[in-house]
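A short write-up of the structure that comes next.
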Amino acid sequence: MKYLNKSFSIERVKAKYLAKKFGTPIYCYSYEKLKTNIISFKNNFKSFNPLICFSVKSNTNVNLLREIKKLGCGADIVSIGELMKALKAGVNTKKIVFSGVGKTTKELSYAINKNILLINVESKSEVVEIEKIAKSKKKIVNIGIRLNPNTDAKTINKISTGKKEDKFGLTEKSFIALAKYTINSKYINLKCLSVHIGSQIVNNLPYEKMLKVIDRVIKKSNHKFEFVDLGGGFGISYHNKSKKLNFKKYSISISSFLKNHNSKIIFEPGRSIIGNTGVLISKIIYIKKTKSKDFIILDSAMNDLMRPALYGSNHKIIPVIKKGVSSKKIYEFVGPICESTDKFLTSKNFQKLKEKDLIIICDVGAYGMSLSSNYNVRPSPIEILVKGSKINIIKKRQKLIDLI
Ligand SMILES: *Cc1c(COP(=O)(O)O)cnc(C)c1O
């Protein structure tokens, strides 16, 4: 994704052309970027060849899932709906892991019928439920237990999941007790220890601490885990100079952990695979001038991209046509929705904009479309995947009539 002749392009397709042909807003993804991300992810960890289960909740587009599967990934799912999408995309059931604190009987039953690789449980009650289902189906179910390693991921609070006050996983003590219980169960095969300490993690330290805890817990539980599922959470760089995770360093820490544990590593990356592959192309409806700043009112809103409103995150915004004339005004990019949090970014030295101009909201591939809603009866945007100069519509724009 770059400017070709000062016109922002996704591979060889100009954003301006897409906007004209399909209207705005548009979620547009680059296949090349996706492929590069997966290959480089694999390369970083090639010394121990992990199973990469793409976190479906970060982007649930079936056509993208199919491409991700073709590039060798499995799936990490958190609901029956996501499981169905993964299956529809052709993901091998032996590469699917099921996470989440509140899987219903229906969801567990469906997953057990499909013989997925692992159900990563988060409570004793869930294990008891699985035993009941397994007994009725005369099956032995492969599970993992999610450990809460009580390590602060040092990311934004709303996406930290590995501290003891978070609802996820089991404390060391309860983990060991539950592991003992399952080892004696007729219907359960304890294969995995899983963790996931949060998202958008850019420091290696939390992961290093987490590995130490895992090492200790495995030793204490005195059980051979076929898999150690380290979850996802790898941070990406949303801004030019912002930090991102040092994969090489993390890889070295894991290799050293593996010297004492002969387990297959599973990863559940979402954001780091899909985040920077997508942009949101929007048009300026109005510019509302006030004394202190100009409101740039876009045709995309918090319902299309929830992250700024939900987490206070900032996505870079850039013009579709680069002009290089600075506005000298403060621009506040907002959507049309009746909420004060419907605001994307405040910018101090953007190029001069006018009504009907097009802009790009960057790095929206992860938790963009998947978190979108129909709030204010706004149809969901079209999704397009670009491969070279080829334009694939991977999801049509929702029709207003289907919402009424
Ligand atoms: C959300 C989630 C992930 C993916 O997190 P990313 O930050 O997108 O890599 C992985 N595992 C579990 C259990 C999750 O809940």
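One-based numbering, in listed order, for ligands and for the atoms of each.
Using a 4.0 Å cut-off to heavy atoms of R146, the atoms of ligand 1 that qualify are 13 (C). Close approach to S99 involves these atoms of ligand 1, each under 4.0 Å from a residue heavy atom: 13 (C). Atoms of ligand 1 found under 4.0 Å from any heavy atom of Y367 (numbered from 1 in listed order, with element): 1 (C), 4 (C), 5 (O), 6 (P), 8 (O). Near R271, with a cut-off below 4.0 Å to any heavy atom, the atoms of ligand 1 are 6 (P), 8 (O), 9 (O). The D76 neighbourhood of ligand 1 comprises atoms 10 (C), 11 (N), 12 (C), with distances under 4.0 Å to a heavy atom of that residue. Near G232, with a cut-off below 4.0 Å to any heavy atom, the atoms of ligand 1 are 9 (O), 10 (C).
Here K283 does not pair with D299 in a salt bridge; the nearest charged N to carboxylate O distance is not below 4.0 Å. Under a 4.0 Å N-O distance rule, the pair D357/K354 qualifies as a salt bridge.
Heavy-atom distances between F168 and ligand 1 stay at or above 4.0 Å for every pair. Between P269 and ligand 1 there is a heavy-atom distance shorter than 4.0 Å. Under a 4.0 Å heavy-atom criterion, G233 is in contact with ligand 1.
Atom NZ of K35 has 12 or fewer heavy atoms from other residues, nucleotides or ligands within 6.0 Å.
Considering both main-chain and side-chain atoms, K57 comes within under 3.5 Å of ligand 1 through a nitrogen or oxygen pair. Among the atoms of S55, none of the N or O lies under 3.5 angstrom from an N or O of ligand 1. Considering backbone and side-chain N/O atoms, G270 comes within less than 3.5 Å of an N/O atom of ligand 1.
With respect to atom 10 (C) of ligand 1, the closest heavy atom belonging to the protein is E268 O, 3.1 Å. Nearest protein neighbour of atom 7 (O) of ligand 1, counting heavy atoms only, is S199 OG, 2.3 Å.
Screening E67, E32, E11 against K387 for a salt bridge (Lys or Arg N to Asp or Glu O under 4.0 Å) leaves a single residue, E67. Each of D363, T36, N37 was scored for a side chain to side chain donor-acceptor pair (under 3.5 Å) with N276, with one residue passing: N37.
Here the shortest heavy-atom pairing between I77 and E82 reads CA-OE1, 3.4 Å. A pairwise comparison of heavy atoms in S255 and F48 identifies OG-CD2, 3.8 Å as the closest pair.
Using cut-offs of 30° and 60° on the angle between ring planes, the pair F234 and F45 is tilted. Between Y3 and F8, the angle of the ring planes goes over 60°, which puts this pair in the perpendicular group of the 30/60° scheme.
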